[in-house]
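Have a look at the structure below before the remarks.
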Amino acid sequence: MKQRTYYSMMLILLMLAVVLMSGCSSAGAISQEITINLGDEPYTIDPQLVFDVTSMRVVNAIFEGLVRKDKNGQPMEGVAGSWEISDDKLTYTFNLRSDAKWWDGTKVTSNHFKEAWLRAIDPQPENHEPSYMGYLLFYIEGAEEYAYGEGNKEDVAIIAKDEETLLVTLKNPTPYFLDLVSNSVFMPVNTEFYNNQPVENGVTTYGAFAETIMGNGPFKITSWNTSQNITLEKNRSYWNSNNIQLEKVNFKMINDNIAAFTAFKAGEIDVVDITQVMQKDELKKSNYYVGSYDAGVTQYISMNNEDPVLKNTNIRKALAYSLDRKTLIQKIVGNKSQEALGFVSPVVKVEGVTFRDRAGKMFSDNDVDTAKDLLERGLNELGLSSLPKLSLLLDDKETSKRDAQAFQEMWRKNLGVEVELLVMPFDVMADRMMQKNYQLSLLMWSGDFNDPLAYLDIFNSYNFFNVAFYSNDKVDNLLEISIYEKDEVKRIDMLIEAEKIVMDEMPICPVYFLWLDYAVNPRVQNLIRGNSPIQDIDLYWTYIQ
Amino acid sequence: MFLTARSAVDKIKESKLAVTCAFFLAAVILLSIFVPLLSTNNYYSQDLNNTFQPPLTKGNLFGTDEFGRDQFVRVWQGARISLTIGVVAALIQMIIGSIYGGLSGILGGLADEILMRIVDVIHSIPNLIIVILITMVMGSSPFTVILALSITEWTGMSRVVRGQTLMLREMEFVQAAKVLGAKKTRIILRHIIPNCFGPIMVNLMFSIPGAIFAESFLSFLGLGINIPKASLGTLASEGYRFISYYPWLIMIPVLIITLTMISFNVLGDTIKEV
Amino acid sequence: MVCFIIKRLAFSLITIWAVVTITFVLLQFLPGDPFTNDKIVHPQILENLKEKYRLDAPWHERYTTYLKGLIKGDLGISMVYRNRSVTSIIKRTFPISLNLGIRAFIIAVFVGLLLGLLSALYKNKTIDHFTLTISMIGVAVPGFIIGTLFQYFICYKLSGIIQEFTGTTFRLFPITGWEGFRHTIVPSVSLAFGALGMIARMMRESMINTLSQRYIVSAKSKGLKQSEIVLKHALKNAILPVISLLGPLFTSIILGSFVIENIFSIPGMGQHFVTSIKTGDYTMVLGLSIFTSFVVVMINTFTDILYTFVDPRVRL
């Protein structure tokens, strides 16, 4: 009896030892798996319907367009292996790769692109919302008319010449068209798959669940647990899958920044956005890599140029000159954001020339004395003895509330101007601005493509997003004829002139060019962030060390 | 026994705890009135070179926040706002509730039944949700918060007053007034309500912390009053973001909310025993 | 008895109708156009959307459509997540909130009853003072404060100390999330705290009351053991007032969960509610409000009916 117990005990101990040791030896294999915090839940992962950065992070990983961005944000071959541009710069011919495949192994054809693009400008979509980003297709001939219900589908100049050739004709020469085409809204749709997806409550479920989407990108989606996580795994059918190193991607949805940061410190996530200076300082003490990138976003205060007080240029300039952007960035924002003394983001580079460098400063920061003078002049012109209380609309974001309180105090201290802060959900704010029912509002503008026009277009009096209701014929003219200028440098100079005129009249007050900080687990290599304003995480080259 | 002011005070004097609470509340009220009034700093002045100072640094007893604003003034300004909203809302609840309850009790019969059924329905509705909805729709100013709180929470008071009214109705002095031909309103105002003083007071002592709680709840969710004005709840919500770096920003407002609510509860309990 | 139940159910239906109508009225006063979002929208798109949602019908038509939809279980479509209905969101998030709520409820009831019982039996001893303090804190301190403090001191500080002590990255009490049993502990306790306080207090009072009753005293004099008296006779009667509290208690737990879920990043209905308020997703807020009110009213009705079964004095 005793002997048997003894032997069985030894056997058990031996087994335990083996188990334990086998557990310890797993140090050899490194799993190519990364966990990233998405933040909020994506609205949808339907490429034609996404409009927010969060959703685009996922779309960018599971879909690929004709063109994609390289590490420096320049267009590079995607599904299109090559392309030709006609001499008059109006017709683009895209040659698709023959080995471009969907997740299920079927071929990606030019028709898939055509159908997707037409979906995006469908004026009366049957079972989904109209596409918000559809306006990016308006550069294509016939697109805008079709979208407004004034033209025919057949007149939209997109031709699927054959399975591997797509022809597009533009309205006007558009130097940044290739950049544009890398946008999510231009990504393909597998029409057979799309038509097979169930429709609930009159809305198609395409893009709403992991099972109801099919992409052609480097990764495929394996699960989507609402409010919790989305998991992706490497797509073996992808034409370049040999060069994709990550095997698995976990997107978590922790929308509280502080909780996300703690999860990062605990090793639960590998990539996190940093929102407080204290977080950065804390990480610097450990071994984490803290990165920074220019988000291509200009924060600005829009002013209603038709308001009885704000119609006066000197008053607007006074408000703009009296802000101390440097201190705001140093003490409040606490990262590499730059004072915006012009509107076009420093991220815009055309043929090696950075617009912002060439254009320079358009006015001075914290120019309180000049501001006071301008205020007085403005008041005289308006026949007022003092400025009535103004109101600033802002949305509910922490950063907006934070910055707005700083502005409020700066205007009070430097100019003696009282401004009331009105916080509201963005929809409500947008509505009021559209109806001209506001004075000041705090907004962020990100360029949809890498060109000065992506920013300056909002000063065109016909532009839908011109919520300052600013109108200057010279500016309109410069913006419109610049696209015909074949010399890129000359074109940039024309646009610089346009910006100068705008800044001289200050219809809006630029505040800062936003940079964002993030922290990465040191094992993660080649994580590219910010190579495009709206696709801010690129996992194409990432691997785990 | 009917509660009078004197008997309430006597009862409070009996308990050390109650006395401490009373003094604490008095201190909070005085500080919230005078500190914002008399202080050299104000609640909105920023000093961006003086941010995140810990408490007890020169010139800033409670430290400073991310804009360098003096927390001492901000906290007592916040207390002023929280107390004002709490007390005003509670008082309006008291008025609405007393009149409604008194009326219901006096009318009696079917009218009483119907009125009380309505109260039951309103009482069953989760009030905080309605408050949230109203603030969402009407915007978040002290006015809308007070309005939302008053509309939804008066039911408790009305039941209490109705109960008292039914009891008092049968009493001699009321019968006498009726016989003498006094109008119903006069009976309510002159005889019933003054004798309800006790239960009304007790209920009030509990409504105030209830209103303060509701307001802090709203502020914490981000539905509170407009920045840069801040109630204690808003301060707690703002401070929460820095809880692991600068804990005083949330701890001090939280402490004051807690102690204030506890004090009201203790006083209410004490008076109840009369 | 049956009469009472029917009356009570009818009453709850009226209450729900009242909530529905109030929310409909509020829906009419919402600021802003429900169809803009983070990007400002083209007018053509706006027109298309408006047509689709039929916002141009007169109010009584909209009211009837609204009511009809509700009866069918259609609570509307989220204005923000436009391919998701409110009902589908509820289906996904309510189980989590329910899970949290039930855990909190169980903790509150068991611990509350136990504390109340003990403090009644050992009146004025340490346990009594302890219970009174806890109940005072639970009743007076807003739930979000308790949650925040627990998260800071227990999840962050305490677990941090344990981490340093054991030299691992193992976090005993995770700060956020809802992925395992350990994740549920601190949130449930935080949520239970307020209700716990009330139950303990009520139980204590009720127990003290019951123990001083004649029949208990006579049982004692007859020589019955203390434990037998307490467990067999006193407990049954002392619990009754506590049962009447259960309805409101559950309500307070549900409301408390809004904030607790927010603080601990728990993907439940409450967190969705708060996020929807912040993003101005009005249809979602209203839909969730109706659902929450419905749950609250049902639970209150249920506990009321339960109370009549349990309390022999109320038996008709």
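Labels below follow one simple rule: chain letters A, B, ... track the order of the sequence lines, proteins then strands, and each chain is numbered from 1. Values in this document were obtained by computation on a predicted structure and should not be read as measured data.
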Interface moiety of [X] toward chain C, non-hydrogen atoms closer than 4.5 Å:
| X | result |
| --- | --- |
| B:Ile212 | neither |
| B:Ile132 | side chain |
| B:Ile257 | side chain |

- For the candidates C:Thr23, C:Val285, C:Thr251, which exhibits the highest count of non-hydrogen atom pairs separated by less than 4.5 Å from chain B? C:Val285
- Heavy-atom pairs under 4.5 Å with chain B are the metric here; pick the option from C:Val297, C:Val296, C:Thr148, C:Asn300 that has the most. C:Thr148
- Query: Which of residues 23-30 of chain B get closer than 4.5 angstrom to chain C, counting heavy atoms alone?
  - Reply: none
- Residues from residues 118-131 of chain B approaching chain C under 4.5 Å (heavy atoms): B:Asp120, B:Val121, B:Ser124, B:Ile125, B:Pro126, B:Leu128, B:Ile129, B:Ile130
Is any side-chain heavy atom of [Y] closer than 4.5 Å to one of [X]?
| X | Y | answer |
| --- | --- | --- |
| B:Ser237 | C:Phe144 | no |
| B:Phe220 | C:Val274 | no |
| B:Asp269 | C:Arg201 | yes |

- Quick one: list whatever passes side chain to side chain contact (heavy atoms under 4.5 Å, CB included) with C:Leu245, sequence neighbours left out. C:Met202, C:Leu249
- Item | Inter-residue atom distance B:Met261.CE - C:Ile137.CD1, 0.5 Å rounding | 12.5 Å
- Item | Point-to-point distance, once rounded to the nearest 0.5 Å, from CD1 of C:Ile146 to OG1 of B:Thr258 | 8.5 Å
- Item | C:Ile145 portion near chain B, given a 4.5 angstrom heavy-atom threshold | side chain
- Task: Let me know if C:Phe153 has heavy atoms under 4.5 Å from chain B in its side chain, its backbone, both or neither.
- Result: side chain
- Message: If I compare all heavy atoms of C:Gln151 with all of B:Tyr240, which pair ends up nearest, and what's the gap?
- Response: OE1-OH, 2.9 Å
- Query: Which one, B:Ile134, B:Asn265, B:Ile243, leads in non-hydrogen pairs under 4.5 Å with chain C?
  - Reply: B:Ile243
- Item | B:Phe143 atom CZ, neighbour heavy-atom count above 12 within 6.0 Å | no
- Query: Has B:Phe242 got more than 12 heavy atoms of other residues, nucleotides or ligands less than 6.0 Å from its CZ?
  - Reply: yes
- Message: Counting only non-hydrogen atoms closer than 4.5 Å, can you tell me which residues of residues 252-260 of chain C sit against chain B?
- Response: C:Leu255, C:Phe258, C:Val259
